[in-house]
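I have placed the structure first, in the form of structure tokens, so that the comments after it can refer back to it.
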2 protein chains.
Amino acid sequence: MPRGNCRGQGWWHGKFRGCGYRLTLGREVILDVLSKAEGHLSAEDIYMKIHPRYPNVGLTTIYRTLDVLSDLGMVFKLDFGDGRARYEFAEGPKGAHHHHHLVCTGCNKVIDYTDFIDDEVELLNQTEKGLSKKYNFKITNHLIQFYGLCEKCSEKK
Amino acid sequence: MPRGNCRGQGWWHGKFRGCGYRLTLGREVILDVLSKAEGHLSAEDIYMKIHPRYPNVGLTTIYRTLDVLSDLGMVFKLDFGDGRARYEFAEGPKGAHHHHHLVCTGCNKVIDYTDFIDDEVELLNQTEKGLSKKYNFKITNHLIQFYGLCEKCSEKK
DNA sequence: TTTAAAAATGGAAATCATTTTCATTAAGGA
DNA sequence: TCCTTAATGAAAATGATTTCCATTTTTAAA
């Protein structure tokens, strides 16, 4: 196994235990689904994906687990304005596949973009430093979203 | 009256009518509260402020009006993760008092910051252009929020 | 191992912000 | 002023998320 890669079966085991959380089937399954998902999943999306194979993992547990995962910083909770939260896997130590969002206010479609990210991230880091110092704020994350109309919605108008 | 300043009694009249909306007492009052508010108000905050003097403006109307105002781009709808939407007056033609947010994930306090904004905005404009072209997206707005722990919440830990 | 305390769970019920319904009222062009 | 239509309020509905609570599971200690 390549060095530095702590993925693979149960790489998050330590993270859980280290923070006093227990490792349970439900949590593993949810994390697994999230880490393999392409897009941004709602709690119910996750439930749907899990249910066929693990019918005894309830929606309540999914919400609770997503909360825990957010606290641990393993998952990022997003709001695209359609009334339900979405969750996105915060890339582990390996692949820092960072991206921001382009949200269509017409159809709620969300595009992840990874272009322009380098400049943005550099500026963000500077800004973070400045803000941290000035406001004594311990910044752990940021959210950048552009809102507008996608091609289709622009045409409909 | 200074040129270029279309504030003052009813400066939004034209905007409303121009878009086919009627000008009603409720809408004026809501807009008035928002434009004078310091922070970010929830629908209920607005209701509370309005109710004593205008007890016949219902919460439903507030929600409906906020929707309209969002569509018109006169108000920006925000989510700070506490389950209720906040609304912020999108500065009119006069005072472009642009700011971004610093959100404490511990106590949900929100700090508006206006420092670093210039550089950020410049970069954002470039990014917007690039994204607009690449994805054929008509960008109308952006949201930048930093998440972390404020001083107090850091200490509690 | 076995055991016991604590954490985690699921299902049902509760919550609560936001929407919808619908009968009534008000805005504004003719 | 009159008339069409948008806007409104109150109450009911909705729907995502939380809470409750009795039961099960995890894990550390014996």
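Distance Y21(B) OH to dT8(D) P: 12 Å, rounded to the nearest Å. Atom CD1 in I62(A) sits about 14 Å away from atom C1' in dG11(C), given to the nearest Å. D82(B) places its CG atom 15 Å from the C1' atom of dT15(C), with the value rounded to the nearest Å. Rounding to whole angstrom units, CD1 of residue I30(A) and P of dA8(C) are separated by 13 Å. The separation between L25(B) atom CG and dG28(C) atom P is 12 Å, rounded to whole Å. Rounding to whole angstrom units, CZ of residue R84(B) and C1' of dT15(C) are separated by 12 Å.
Take Y47(B) and apply the ring pair (Phe, Tyr, Trp, His ring centres under 6.0 Å) test, not counting sequence neighbours, and it matches H51(B). Here D32(A) pairs with K36(A) under the salt bridge (charged side-chain N to carboxylate O under 4.0 Å, His left out) rule; sequence neighbours left out. Y113(A) pairs by the ring pair (Phe, Tyr, Trp, His ring centres under 6.0 Å) definition with H100(A), not counting sequence neighbours. In terms of the salt bridge (charged side-chain N to carboxylate O under 4.0 Å, His left out) criterion, K133(B) has no residue partners (sequence neighbours excluded). With sequence neighbours excluded, the residues satisfying salt bridge (charged side-chain N to carboxylate O under 4.0 Å, His left out) with R86(B) are D82(B). The side-chain contact (heavy atoms from CB on, under 4.5 Å) search around N141(A) returns F76(A), Y147(B), not counting sequence neighbours. Under the salt bridge (charged side-chain N to carboxylate O under 4.0 Å, His left out) criterion, K134(B) pairs with D115(A), sequence neighbours left out. Residues satisfying the side chain to side chain donor-acceptor pair (under 3.5 Å) test with S42(A), not counting sequence neighbours, are D45(A).
L23(B) comes within 4.0 angstrom of sugar-phosphate atoms only, judged by non-hydrogen atoms across all strands, and of no base. Here R22(B) lies in heavy-atom contact (under 4.0 Å) with a base.
Along DNA chain C, the nucleotide nearest to T24(B) and the one nearest to Y87(B) differ in position, and the one closer to the 5' end is contacted by Y87(B). Nearest-nucleotide positions on DNA chain C for R27(A) and K77(B) put R27(A) closer to the 5' end.
Using a 4.0 Å cut-off on heavy atoms, the residues of residues 42-60 of chain A that approach DNA chain C are N56(A), V57(A), G58(A), T60(A), listed by number. A heavy atom lying under 4.0 Å from DNA chain D marks the following residues of residues 63-73 of chain A, by number: Y63(A), R64(A).
A ring-ring contact (aromatic ring centres under 6.0 Å, His included) check over residues 19-42 of chain A, counting only residues at least two apart or in different chains, returns the pairs H40(A)-F80(A), H40(A)-H101(A).
The two residues G148(B) and F137(A) have their closest heavy-atom pair at C-CE2, 3.6 Å.
Each of V57(B), L34(B), I30(B) was scored for a side-chain contact (heavy atoms from CB on, under 4.5 Å) with T65(B), with one residue passing: I30(B).
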Distances under 3.5 Å only, N/O to N/O: pair up the protein atoms with those of nucleotides 28-30 of chain D.
from    : atom 1 : to     : atom 2 : distance (Å)
dA28(D) : OP1    : R17(A) : NH1    : 3.3
dA28(D) : OP1    : R17(A) : NH2    : 3.3

